[in-house]
Enquirer: 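Quick one: the structure is below, and I'll ask about it shortly.
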Amino acid sequence: MAVSEEECSSAKSGSSGPSSSSSSASRYYLSKCVFRGSVVLHVLHAHIRSPSSNDVVFGKETSIELVVIDEDGNVQSVFDQPVFGTLKDLAILPWNEKFRAARDPQLWGKDLLVATSDSGKLSLLTFCNEMHRFVPVTHIQLSNPGNQMDFPGRKLAVDSSGCFIAASAYEDRLALFSLSMSSGDIIDERIVYPSESEGTASTSRSIQRTSISVTIWSICFISQDSRQPSKEHNPVLALIINRREALLNELLLLEWNVKARKIFVISQYVEAGPLAHDIVEVPNSGGLAFLFRAGDVLLMDLRDHRNPSCVCKTNLNFLPHAMEEQTYVEDSCKLHDVDDERFSVAACALLELSDYDPMCIDSDNGGANSGYKYICSWSWEPENNRDPKMIFCVDTGEFFMIEVLFNSEGPKVNLSECLYKGLPCKALLWVEGGYLAALVEMGDGMVLKLEDGRLCYTNPIQNIAPILDMEVVDYHDEKHDQMFACCGVAPEGSLRIIRNGINVENLHRTASIYQGVSGTWTVRMKVTDSHHSFLVLSFLDETRILSVGLSFTDVTDSVGFQPNVCTLACGLVTDGLLVQIHRSTVKLCLPTKASHSEGIPLSSPICTSWSPDNVGISLGAVGHNFIVVSTTNPCFLFILGVRLLSVYQYEIYEMQHLVLQNELSCISIPGQEIEQKQSNSSISANNSSISSFQSGVDINKTFVIGTHKPSVEIWFFAPGGGITVVACGTISLTNTIGSVKSDSIPQDVRLVSADKYYVLAGLRNGMLLRFEWPAEPCPSSPINMVDTALSSTNLVNSVTNAFDKRNDLPSMLQLIAIRRIGITPIFLVPLGDTLDADIIVLADRPWLLHSARQGLSYTSISFQPATHVTPVSCVEFPKGILFVAENSLHLVEMGHGKRLNVQKFHLEGTPRKVLYHDESKMLLVMRTELNCGPCLSDICCVDSLSGSVLSSFRLELGETGKSMELVRVGSEQVLVVGTSLSSGPHTMPTGEAESCKGRLLVLCLDHVQNSDSGSMTFCSKAGSSSQKTSPFHEIVTYAPELLSSSSLGSSPDDNSSDGIKLHENEVWQFRLAYATKWPGVVLKICPYLDRYFLATAGNAFYVCGFPNDNPQRVRRYAMGRTRYMITSLTAHLTRIAVGDCRDGILLYSYHEEAKKLELLYNDPSQRIVADCILMDADTAVVSDRKGSIAVLCSDHLEASDNAGAQCNMTLSCAYFMAEIAMSIKKGSYSYRLPADDVLEGGNGPKTNVDSLQNTIIASTLLGSIMIFIPLSREEYELLEVVQARLVVHHLTAPVLGNDHHEFRSRENRVGVPKILDGDILTQFLELTSMQQKMILSLEQPDMVKPSLKPLLPSHVSVNQVVQLLERVHDALN
């Protein structure tokens, strides 16, 4: 209830704009999406990354995800890109050889992605290999930004030849585009129908609607004779339209006369019967199309465009039944804002959901069944040019295949038996390999495989939407939080445990008996082996070798390694020959058959060794057919070879012996060179660096070193010649006060090749560096040889030709990107033997570096801090990883088969509310829509480790649970539950409360030692308490996933028995202590002041308590009332925040002595409140049903003269999320590193450490999780300037052409300060150092917008911006 300015003069300055607000009312936040929404609205297949790649595109509400479906049916995410807008439709523009002359060579052979969005633009996107994301090719303006009903953009259609694109509006209008076949703009011609004289897409919103009043349901192009060039023919577009007040939809055919630049209606078709809803062209048919109607399917012959006819009809109401009935839902729940009808229609259409209030997901009338089956999703068989086949799903969840056959009598339709029955699917995609991706609206999708005429379930496609509630829990023995979330709706309701980072699956964990591990390696027996044979563990004074397999057996004696020394390095030098390098010796071993089946047939291994004279070995590396070792004091480098003397007799000999000027800090030998990374899709700009490295240099004879200079260098040696320094990069890092860092010595270095060659260097100070070859070599300014580690004047006399000079070498490596990972030395461990393998970056915690991406892009691995790591592969776990952490060995597998790091506990019904009970370590879950007898709702205890439902309290017949909270009564906690006794809606269309009744219950949770559980509801999932005899737990898709609370590495499939576990005889039971009828539906309950609680009843709320701390008595002390239905209720100390359906947030205070509630402050705007929290007594954070979140403040009113009067709060800052946040929580968060760099002594922005406890965590109906991080004013102002540049730079601007400021300002008043967009800002970290400097530079030729913020202060450097952003990025990940 907003108060006028006349009534509250003190609020005038606060509402006039941020510039006039007092500093005490200012709040500064940065928003970052840490878990992107999982609702997939569109699914497409195309050659996106290259002409040969089989990519799948998931189009979501606010992001585009690129995935691949591997040969085992696993869906693996390549990247998920936010679009900073709202997607409306997606389509694929296939590559056509006719466009070769018109397209950029980098686009040749690749399909383009066509998108429409709320930007009002038609966007053509391509995949950029360098940036590893979609980038725009062009934008075509269709309308003003927003969701307008009568401007094109709602539906897309693309001609099968890729020559034409059509975009239709919701109503009345469509636009057609032709693609250019000559150089110039990619779009050749465009036309809007109805004609321009009746209004164009570029006119304002006030334009009058055209005289043709129709709603466009579906569009598609109708192909013509493929033997003739399509450009010579006019395109024909088929539409399904509904005229105002018409009972039936009709099929309309339009022809675009390109030369005449006019569109004509060439025919119409209406047939009595069910309602038509979609038109789909039959591929390679030359004019056939399926017309989908409610109850049947018509095969239409449109080859004669002027005389459309129906060839045959297939009745859907008499389809063959499924062999096995499975649980399915008639109609999924639908989402809706009940207050703004026009917004509701647009939002529901965009969400591709329907029109039900999310607060009423447990209503009985989930949807009316018309009695007619209809096709809700379909997909054509890929690459079928003869007899087209389609798999479709009807609204009952049944899958069928329909085939179009061509014979002399004309086209025929063949319908299969039911292939599968499950949930009705929103989208289908048939991909190569016989796999079918089926996406469900509010539950997990699935990958099905077509085998023997049946569809078989293969793998899930995770979808955690909608998130109805969440609880963030920090176990005392865990190193980071995890979130328990109520996800999905019946019958797909589930409880999910959500963690950030890349999921790992724990296979085995040993006891903590491995103290002092100094190194781990895995070694193959032969170079061509696909799996590892040995695991080498080095300790401070011991080395052990284990065979790799299901049982790790000690085979040290059979391999031949020296067991009583610390191994520095080891590896396979050639087939069957293993090398161990320790402080004094290089040892060559031939293992026996006792250790490996390919070993020598002798009783003991054969060994030979080599040692340097009177000096110890400090470093070493083993490559194919050569070994590199170095010494310290004096600094020597030895390159060793191996030669055969006789059967089983080998010799190690010196090939090169050099004196070094600078001591080496690390050595690495590159893995195998990629045979063929990509074909003609590679970016040509990258080929120069590849060719320059390969010119006269055999990569198999190179190695990379790090020196104490410090520097990184690549050396090449010829077996019969000398040494060549291929490239050199000097490390010279300075902090912001100008001092040179003295701890920048490389700890590990790696050569990587992914589209281009580059060098990674992990430093001892926790920094990660990327070096690249210069774009253009500069032979005129060669490196001074004295600056390299090798000194040509200090060579051993016996090797006079050890150093070769070439005019074009060495190349000066350029430092492209710098990132701080932590404060401990960084180790780089490739996951494979090829140069393009992803790399585990081991620092304060493990990260996965994506080698194929530009700059330094890495993601956290959901595992605890580890000291060592090595990949380990065998038949049983081909992608295993061995971590050494807490003196234990952890064998895990990276969760490549799962797109999301989520553990699922399937629950019956719809979980609405979840709480964590500290004493029992259990989860309390409120469920609705149960399908077990007359009970529709209950409250259950769920084991947080196994997901087992241990006990439950069932509500009465017809009663539905609405809310619950744990409330303290004396020294105990009780559960206060609010319910509804009415099955109908509890809110009127006006926002007022219906006259419904509810109940208020008080439940005690009793701990009972009782082996007899016959009187309780008790269930245990199979296998949850069994102990595996094998050290490796079998991974099965249906097994309950156990969570170990004592390990960071707990994974979705972790069946470890570690951690807290309820004893078999320990039972927690609910006991009803109090129950009473309530004057309204109890939608919200909230604890208050540790001795009261608040409870709503329609548009009223009560302050309640327990007299004499007796949970069997509840007393109402005071009542407050709002004008509309209360949807949110929260409290902080004495302050109470109430949110309703119209007036937004109202702040109250309770006077205990008078037992009265006083209304203090009002919301300055009307809003439909979804949820609200109080950060403190003066700051409220509120989300609304239109996708915005706002921070409201009242502290500027505290000192005013009329502080007791009702005043408007100040809107401190706001942010349009484009997603509805139904749950907001307060969290603690710190983005300070364990030990800050000297940079803190500079002029950089300072963080208010006290504000770090005021983090906001929001979960949305689309499955997103967002964190809002408080910033200091200095940090905010710095990042605001950076953001203003990023949103207009071509590398980082919104990909769909949205005006970022306009998008994030929607639903908010002009002039309100914005919360910073962390997704935009973190793109800054993905850029190279040169690009970062370019964006922040004083001169920006491509930035001419006058709205840009002032230039950055002169004392602010790129390093300061990077340091602040990487702290945020690293902590959030």
Enquirer: Is there side-chain contact between Asn1099 and Asp1140, with heavy atoms separated by less than 4.5 Å?
Expert: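 A side-chain contact is absent here, since even the closest heavy-atom pair is not under 4.5 Å.
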Enquirer: Let's go through Glu1219 and Thr62 carefully: what are the C-alpha distance in whole Å and the side-chain angles of both, what is the deciding distance for side chain to side chain contact (heavy atoms under 4.5 Å, CB included) to 0.1 Å, and is it a yes or a no?
Expert: CA-CA 8 Å; Glu1219 299 185 33; Thr62 57; 3.0 Å; yes
Enquirer: Any chance NE2 of His1301 has more than 12 other-residue heavy atoms, nucleotides or ligands included, within less than 6.0 Å?
Expert: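 No, NE2 of His1301 has 12 or fewer neighbouring heavy atoms, counting only those of other groups under 6.0 Å.
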Enquirer: Do the non-hydrogen side-chain atoms of Met470 and Ile498 ever get within less than 4.5 Å of each other?
Expert: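 Not in contact.
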Enquirer: Mind listing the closest non-hydrogen atom pair of Ser63 and Pro82 along with its distance?
Expert: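 Scanning both residues, the minimum pair turns out to be CB-CA, 4.0 Å.
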Enquirer: Do Ser117 and Thr86 have side chains that approach each other closer than 4.5 Å (heavy atoms only, starting at C-beta)?
Expert: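 Side chain of Ser117 against side chain of Thr86, heavy atoms only: no contact under 4.5 Å found.
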Enquirer: If you apply the rule side chain to side chain contact (heavy atoms under 4.5 Å, CB included), what do you find for Val43 with Leu90, and how did you get there?
Expert: CA-CA 8 Å; Val43 56; Leu90 283 178; over 6 Å; no
Enquirer: Do side-chain atoms of Asp150 reach the backbone of Asp172 as a donor and acceptor pair under 3.5 angstrom?
Expert: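 It does not hold such a pair.
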Enquirer: Just by modelled atom types, is the Thr1322 backbone N or O under 3.5 Å from a matching donor or acceptor in the Asp1319 side chain?
Expert: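 Answer holds: no.
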Enquirer: Measure from the side-chain N and O atoms of Gln141 to the backbone N and O of Ser143, and report whether any donor-acceptor pair falls under 3.5 Å.
Expert: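 Here the side-chain-to-backbone pair exists.
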Enquirer: Does any part of the side chain of Ser1305, heavy atoms only, come nearer than 4.5 Å to the side chain of Lys1314, both counted from C-beta?
Expert: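 Side-chain contact under 4.5 Å: yes.
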Enquirer: Can you name the closest pair of heavy atoms from Asn1208 and Asp1163 and give their distance?
Expert: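 Residues Asn1208 and Asp1163, closest heavy atoms: OD1-O, 4.1 Å.
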Enquirer: Taking only residues two or more places apart in sequence or in another chain, which ones pass side chain to side chain donor-acceptor pair (under 3.5 Å) with His1132?
Expert: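 Here no residue qualifies.
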Enquirer: Give me the atom names and distance for the closest heavy-atom approach of Met1209 to Leu1147.
Expert: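 In this case the closest contact between Met1209 and Leu1147 is SD-CD1, 3.3 Å.
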Enquirer: Could you tell me whether a side-chain N or O of Thr116 sits under 3.5 Å from a main-chain N or O of Lys88, the two making a donor and an acceptor?
Expert: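 No; zero donor-acceptor contacts below 3.5 Å.
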Enquirer: Tell me if a side-chain donor or acceptor on Ser1223 pairs with a main-chain N or O of Ser1259 at a distance below 3.5 Å.
Expert: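 Checked: no pair found.
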Enquirer: What do the steps show when you test Gln1323 against Thr1292 for side-chain hydrogen bond (donor to acceptor under 3.5 Å, both in side chains), and what is the final call?
Expert: CA-CA 7 Å; Gln1323 291 183 110; Thr1292 52; 4.9 Å; no
Enquirer: Got a donor-acceptor contact below 3.5 angstrom from the Thr1096 side chain to the Ile1126 backbone?
Expert: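 Absent.
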Enquirer: Check whether any side-chain heavy atom of Asp1143 lies under 4.5 Å from a side-chain heavy atom of Gln1166, and answer yes or no.
Expert: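 In contact.
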Enquirer: Donor-acceptor pair, distance only, cut-off 3.5 Å: does the side chain of Gln1332 make one with the backbone of Phe1324?
Expert: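 Yes.
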Enquirer: Looking only at heavy atoms, which two atoms of Pro1294 and Asn1298 are closest? And how far apart?
Expert: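 Minimum heavy-atom separation between Pro1294 and Asn1298: CG-O, 3.5 Å.
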Enquirer: Mind checking whether Val83 and Gln81 have side chains closer than 4.5 Å, heavy atoms only?
Expert: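 No, side chains not in contact.
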Enquirer: Taking NZ, NE, NH1 and NH2 as the nitrogens, is one of them in Lys913 or Asp469 under 4.0 Å from a carboxylate oxygen of the other?
Expert: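 Yes, Lys913 and Asp469 are salt-bridged.
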Enquirer: For the CG atom of Leu1279 and the CD1 atom of Ile1320, what is their distance to the nearest 0.5 Å?
Expert: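 Interatomic distance, Leu1279 CG to Ile1320 CD1, rounded to 0.5 Å: 13.0 Å.
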Enquirer: Which pair of non-hydrogen atoms, one from Ile1168 and one from Cys1141, has the smallest distance, and what is that distance?
Expert: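 Looking at all heavy atoms of both residues, the shortest contact is CG1-O, 3.5 Å.
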Enquirer: Quick one: are Ser1194 and Arg1135 in side-chain contact, heavy atoms under 4.5 Å?
Expert: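 SC-SC contact between Ser1194 and Arg1135 confirmed.
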Enquirer: Rounded to the nearest 0.5 Å, what separates atom CZ in Arg36 from atom NZ in Lys60?
Expert: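 If I round to the nearest 0.5 Å, the distance is 8.5 Å.
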Enquirer: Could you tell me the separation between the OH atom of Tyr29 and the OH atom of Tyr1215, rounded to the nearest 0.5 Å?
Expert: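 If I round to the nearest 0.5 Å, the distance is 15.0 Å.
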Enquirer: Return yes if some donor-acceptor pair links the side-chain N/O of Thr1122 with the main-chain N/O of Tyr1124 below 3.5 Å, else return no.
Expert: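 Answer holds: yes.
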Enquirer: Ignoring hydrogens and geometry, is there a side-chain-to-backbone donor-acceptor pair from Asn463 to Gly443 under 3.5 Å?
Expert: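 Yes, Asn463 side chain to Gly443 backbone: donor-acceptor pair under 3.5 Å.
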Enquirer: Calculate, to the nearest 0.5 Å, the distance between atoms CZ and CZ belonging to Arg1167 and Arg1185 respectively.
Expert: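 Arg1167 atom CZ to Arg1185 atom CZ measures 14.0 Å (nearest 0.5 Å).
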Enquirer: Determine the minimum heavy-atom distance between Ile1145 and Gly1139, stating which atoms define it.
Expert: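 So the two residues come closest at CD1-CA, 3.7 Å.
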Enquirer: Classify the angle between the aromatic ring planes of His1300 and Phe84 as parallel (below 30°), tilted (30 to 60°) or perpendicular (above 60°).
Expert: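 It falls in the perpendicular class, over 60°.
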Enquirer: CD1 of Ile1315 to CD1 of Ile1269: how many Å apart, nearest 0.5 Å?
Expert: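 Answer rounded to 0.5 Å: 11.0 Å.
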Enquirer: What verdict does the side chain to side chain contact (heavy atoms under 4.5 Å, CB included) test give for Glu992 and Arg1142, after you've listed the backbone C-alpha separation in whole Å, the side-chain angles of each residue and the deciding distance to 0.1 Å?
Expert: CA-CA 9 Å; Glu992 298 173 293; Arg1142 291 286 187 185; over 6 Å; no
Enquirer: Asp1317: which residues meet the salt bridge (charged side-chain N to carboxylate O under 4.0 Å, His left out) condition with it, sequence neighbours left out?
Expert: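 By the salt bridge (charged side-chain N to carboxylate O under 4.0 Å, His left out) rule, Asp1317 matches Arg1304.
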Enquirer: Of the options Asp80, Val902, Ile467, Ile464, which is the one that meets Ser38 in a side-chain contact (heavy atoms from CB on, under 4.5 Å)?
Expert: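 Single pass found, and it is Ile464.
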Enquirer: Quiz question: by atom type and distance under 3.5 Å, do the side chains of Ser1188 and Glu1307 form a donor-acceptor pair?
Expert: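 Note: Ser1188 and Glu1307 side chains miss the donor-acceptor criterion.
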Enquirer: Rounded to the nearest 0.5 Å, how far does CZ of Arg912 lie from OG of Ser963?
Expert: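 Rounded to the nearest 0.5 Å, the OG-CZ separation comes to 9.0 Å.
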Enquirer: Do Cys1193 and Asp1178 make a side-chain contact, defined as non-hydrogen atoms from C-beta onward lying under 4.5 Å apart?
Expert: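 Side chain of Cys1193 against side chain of Asp1178, heavy atoms only: no contact under 4.5 Å found.
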Enquirer: Under the criterion side chain to side chain contact (heavy atoms under 4.5 Å, CB included), I'd like the reasoning laid out for Ile1267 against Thr1255: C-alpha separation, chi angles, the key distance, then a yes or no.
Expert: CA-CA 7 Å; Ile1267 293 184; Thr1255 302; 3.3 Å; yes
